[in-house]
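These notes are about the structure you will find just below.
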Amino acid sequence: MSISKPPRSFFKPLAIGAPAPFRELPTRVERMIHFVPPHIEKVRAKSGDIAKQADVVLANLEDAIPSDAKEAARAGALDMAENIDFSSTGTGFWARVNCLNSPWFLDDVTELVTKAGNKLDVIMLPKVEGPWDIHYADQLIAQLEAKASIKRPIMLHAILETAEGVQNVEQICLASPRMHGISLGPADLAASRAMKTTRVGGGHPFYKVIEDPRSDDAPRAAAQQDLWHYTVSKMVDACCTAGIKPFYGPFADIADVEACEQQFRNAFLMGCAGTWSLHPKQIDIAKRVFSPDVDEVLFAKKILAAMPDGTGVHMIDGKMQDDATWKQAKVMVDLARQVAEKDPDLASAYEF
Ligand SMILES: CC(C)(COP(=O)(O)OP(=O)(O)OC[C@H]1O[C@@H](n2cnc3c(N)ncnc32)[C@H](O)[C@@H]1OP(=O)(O)O)[C@@H](O)C(=O)NCCC(=O)NCCSC(=O)C[C@](C)(O)C(=O)O
Ligand SMILES: [Mg+2]
């Protein structure tokens, strides 16, 4: 017998007085989660402007924040919640807390939920290894939500950054209705798996396929492969099964905008809803990549128009369309409609 909650209990609040979890994820365009180091006053001061450009702004309390600045980062996150107007632009406000076995996790979550819980959309949980991590955070957040009379449930987003986490990703996604999604954490994951790379995301010149030996002894053509393909595929399937969202993660070679764009695009094509931006210049890259291509959307609209009830077979521009391609088209047009609500230029390009 599997040990899972009865269906009727799954959506019950975990503490008396806590808000009921969402039955469906709120519909939001989340093309990029922009990381802000909140202990640096100069950067924090700019995050109001960043909130007008990015779909999600995240106060990062975990890795990249020195241990002697953890309290300052937490205070900075609370300052952001208090002083930045996220709601008028529909921008999400998230925080990445320190991991569960760190000395900071308990205070991070307690202060964020009790002092900023009505502003906070999502808590990002690093280094999640199994459903037990989600169950613990879920219960704790519910108790704090109840204590602080939080009106709207705070969601949880897990980072996939250990081999064990990848192994258990399906159970992590299904662990709680509080789950919002999963992001790839390629640096910690590479270390956990003893992958021999010092890069944070992206390809590697040594990971490639070469053509067979040539009769003329000319150099053999080679193509770099995607080191993250298997993990992203596994994450996408686990998230979609659970009705939550998969995200690519960081791309740390900030100067290499071309490779960043390609890595983001591969993730978008494979089903990811968004990515992370570590530097302001990655915001526009993510916006470009995670907004569906205009020609693809116009073609998808033709399919929907040709098959109003979504059945049958049609030829459009020499290509066969049927019930399945209708569903593909709907994915594209539904996303385009959401993006169009945020972006008037794209709305007119998509001809809505
Ligand atoms: C990479 C860094 C150090 C380069 O910072 P920089 O100052 O050298 O860059 P810059 O090009 O000189 O900056 C230009 C301007 O942009 C500003 N700026 C720069 N960055 C930001 C930002 N994020 N948000 C808002 N503003 C920013 C910066 O302050 C400056 O403003 P100025 O022209 O007025 O002086 C810096 O961008 C940064 O700290 N980014 C965030 C890094 C971070 O959060 N890392 C952790 C996430 S990745 C991770 O954890 C891994 C994972 C998942 O766990 C796992 O794979 O295991
Ligand atoms: Mg990490």
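Predicted model, so just to flag it, every value in this text is computed and none were measured. Values below: all heavy atoms of this structure, side chains included; hydrogens, waters and symmetry mates excluded.
- The heavy-atom pair separating Leu189 from Val166 by the smallest distance is CD1-CG2, 3.8 Å.
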Next on the checklist: Under the criterion side chain to side chain donor-acceptor pair (under 3.5 Å), I'd like the reasoning laid out for Ser291 against Arg31: C-alpha separation, chi angles, the key distance, then a yes or no.
Outcome noted: CA-CA 7 Å; Ser291 304; Arg31 294 166 293 186; 2.8 Å; yes
Next on the checklist: Does Phe247 form a ring pair (Phe, Tyr, Trp, His ring centres under 6.0 Å) with His157? I'd like the steps, not just the answer.
Outcome noted: CA-CA 10 Å; Phe247 287 70; His157 184 105; 5.3 Å; yes
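- Follow the hydrophobic side-chain contacts under 4.5 Å out from Leu14 and you never reach Phe105; the two are in separate clusters.
- Between Arg265 and Glu261, at least one side-chain N (NZ, or NE/NH1/NH2) sits under 4.0 Å from a carboxylate O, which counts as a salt bridge.
- Salt bridge status for Lys70 with Asp107: absent, with no side-chain N to carboxylate O gap under 4.0 Å.
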Next on the checklist: Does Arg44 form a salt bridge (charged side-chain N to carboxylate O under 4.0 Å, His left out) with Asp79? I'd like the steps, not just the answer.
Outcome noted: CA-CA 9 Å; Arg44 201 174 69 237; Asp79 178 74; 3.1 Å; yes
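- When all heavy atoms of Cys272 and Tyr248 are compared, the closest pair comes out as SG-N, 3.7 Å.
- Summarising the geometry of Asp256 relative to Phe251, their closest heavy-atom pair is O-CE2, 3.7 Å, with the distance given to 0.1 Å.
- Here the closest heavy-atom approach between residue Ile141 and residue Ile154 is recorded as CG2-CB, 4.4 Å.
- Every side-chain hydrogen bond (donor to acceptor under 3.5 Å, both in side chains) that Lys330 has, sequence neighbours left out, goes to Asp334.
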Checklist entry - When you look at Trp276 and His34, which way does the ring pair (Phe, Tyr, Trp, His ring centres under 6.0 Å) test go after all the steps? => result CA-CA 6 Å; Trp276 297 11; His34 181 76; over 10 Å; no
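- A salt bridge links Arg178 to Glu145: one of the charged nitrogens lies within less than 4.0 Å of a carboxylate oxygen.
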Next on the checklist: The test is side chain to side chain donor-acceptor pair (under 3.5 Å); show your working for Thr231 and Arg193 and say whether it passes.
Outcome noted: CA-CA 12 Å; Thr231 315; Arg193 286 175 170 163; 2.9 Å; yes
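- Between Met235 and Ser183, the shortest heavy-atom contact is SD-C, 4.0 Å.
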Next on the checklist: salt bridge (charged side-chain N to carboxylate O under 4.0 Å, His left out) for Lys127 and Asp133? Distances and angles first, verdict last.
Outcome noted: CA-CA 9 Å; Lys127 302 176 179 71; Asp133 290 339; over 6 Å; no
Item to check | salt bridge (charged side-chain N to carboxylate O under 4.0 Å, His left out) between Asp63 and Arg96, worked out | outcome: CA-CA 9 Å; Asp63 292 358; Arg96 177 170 81 167; 5.5 Å; no
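- Cluster membership for Trp104 and Leu112, using ILVMFWY side-chain heavy atoms within less than 4.5 angstrom, is not shared.
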Going by atom type alone, with no hydrogens or angles, which donor-acceptor pairs under 3.5 Å involve a side-chain atom of residues 298-314 and a protein atom two or more places apart or on another chain?
unit_1, atom_1, unit_2, atom_2, d
Lys301, NZ, Tyr350, O, 2.7
Lys301, NZ, Glu351, O, 2.7
Lys302, NZ, Asp317, OD2, 3.1
Asp309, OD1, Thr311, N, 3.1
Asp309, OD1, Thr311, OG1, 2.9
Asp309, OD2, Thr311, OG1, 3.2
His314, NE2, Ala306, O, 3.3

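- For Gln328, the side chain to side chain contact (heavy atoms under 4.5 Å, CB included) partners two or more places apart in sequence, or in a different chain, are Thr325.
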Next on the checklist: I'd like to know whether Phe93 forms a side-chain contact (heavy atoms from CB on, under 4.5 Å) with Ile84, so could you lay out the CA-CA distance, the side-chain angles of the two residues, the decisive distance to 0.1 Å, and finally the verdict.
Outcome noted: CA-CA 10 Å; Phe93 177 54; Ile84 297 176; over 6 Å; no
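- Nearest heavy atoms, Cys260 versus Ile285: SG-CD1, 4.1 Å.
- Side-chain atoms of Thr89 do not come within 3.5 Å of backbone N or O of Lys52 as any donor-acceptor pair.
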